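Following: one structure in structure tokens, then a few remarks.
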Amino acid sequence: MHEFLQLIKDRRSIRQFKKEQIKDAEIQTIMEAAIYAPNAMNQQKWHFAVIQNKEMLDRMINVIKENMCNSGLEFLAERAKTAEFTPFFGAPTVIYITAAEKAKFAAVDGALAAENIVLAAAALNIGTNVQASPGFLFSSPAGQALKKEMGIPDGYTYVCNITMGYPDGPKPDAKPRNKEVITYIK
Ligand SMILES: Cc1cc2nc3c(=O)[nH]c(=O)nc-3n(C[C@H](O)[C@H](O)[C@H](O)COP(=O)(O)O)c2cc1C
């Protein structure tokens, strides 16, 4: 099989990371891949906050936990209260992808960039996990203050975030995929 197609099939969501930070050259290569994603009208109405500062990540984790507890969603609150819950799985790098709320299809653009990020990382043997619930970060004034600190422009809304680092432990098995979701019309 073509090397790139094999890479797509071999990528797994990684939820255990080494503490060691990934190299600057690696994150730059990965982010270069992100901004080469297809995007509507080449509008590039996306933003990528790459957080590698431990103190800031800890503050983000605390706000996420607090906001999940106050979300009014019982299952999220219960999860956030458990001692072992760590929103970013201890990853040393976390990327928040946001997109201009008013730009048409910008959320699609952001999701495509996310896929470029996880595949570029996989090519460098760097583990990733795409997440959606850490979007709770922004649902309180403390989270909105962090949003500014993260350099996210006004009017940009959360698309997803990606945890990233060198994988620790064995690679998980591939999850089954349902081929019946594809209709071929010839
Ligand atoms: C939008 C989105 C949200 C996700 N949220 C989470 C999450 O909150 N926690 C988590 O562990 N994995 C999350 N994942 C990862 C999926 O669980 C994972 O991609 C899926 O089970 C397939 O496994 P694989 O990535 O190893 O092929 C998310 C993936 C996407 C695309």
Side-chain angles (χ1 to χ4, degrees), residues 1-18 22 30-31 33-34 37-39 46-51 57 60-99 101 105-140 143 146 152 156-182:
M1 189 187 283
H2 189 286
E3 203 181 332
F4 181 68
L5 299 180
Q6 193 63 51
L7 179 89
I8 291 173
K9 288 189 85 174
D10 286 346
R11 181 212 54 83
R12 302 276 174 281
S13 286
I14 299 299
R15 299 179 177 87
Q16 269 182 288
F17 299 96
K18 293 187 174 153
I22 61 170
I30 291 166
M31 296 319 295
N39 64 98
W46 48 28
H47 182 270
F48 307 90
V50 181
I51 319 296
L57 285 173
M60 290 164 70
I61 287 167
N62 287 337
V63 175
I64 290 168
K65 282 186 181 176
E66 197 176 285
N67 291 352
M68 283 172 77
C69 285
N70 297 331
S71 65
L73 298 166
E74 198 53 37
F75 74 101
L76 280 181
E78 285 307 315
R79 198 194 303 168
K81 274 184 216 153
T82 59
E84 67 273 17
F85 177 68
T86 50
F88 301 140
F89 305 114
T93 294
V94 177
I95 303 167
Y96 264 69
I97 304 179
T98 52
E101 206 160 355
F105 309 126
V108 178
D109 301 342
L112 289 166
E115 180 68 352
N116 273 19
I117 289 172
V118 298
L119 291 178
L124 300 173
N125 296 314
I126 291 169
T128 56
N129 180 220
V130 177
Q131 301 182 308
S133 44
F136 275 101
L137 175 63
F138 301 133
S139 65
S140 68
L146 273 165
I152 298 171
Y156 276 48
T157 188
Y158 175 81
V159 175
C160 65
N161 68 278
I162 300 172
T163 56
M164 183 178 288
Y166 297 127
D168 197 13
K171 190 172 181 173
D173 291 334
K175 297 210 179 139
R177 259 44 177 192
N178 174 17
K179 290 191 174 160
E180 285 161 23
V181 296
I182 307 168

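Here the structure is a predicted model, which means the values were calculated and not measured. One-based numbering, in listed order, for ligands and for the atoms of each.
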What about the rings of Phe138 and Tyr96, do their centers lie closer together than 6.0 Å? yes
Counting C-beta onward and ignoring hydrogens, is there a side-chain heavy-atom pair between Val130 and Val118 closer than 4.5 Å? yes
Please evaluate residues Asn161 and Leu137 with respect to the criterion side chain to side chain contact (heavy atoms under 4.5 Å, CB included), reporting the C-alpha separation (whole Å), side-chain torsions for both, the decisive distance (0.1 Å), and the verdict. CA-CA 11 Å; Asn161 68 278; Leu137 175 63; over 6 Å; no
So if I only count non-hydrogen atoms and take anything under 4.0 Å from ligand 1, which residues does that give, chain by chain? Arg11, Arg12, Ser13, Arg15, Phe89, Asn129, Val130, Gln131, Ala132, Ser133, Lys175, Arg177
Minimal heavy-atom distance between Ala91 and Leu57, with the atoms involved, is O-CD1, 3.9 Å
For the OG1 atom of Thr128 and the CD1 atom of Ile117, what is their distance to the nearest 0.5 Å? 9.0 Å
Would a 4.5 Å heavy-atom cut-off, applied to side chains only, mark Asn62 and Glu66 as touching? no
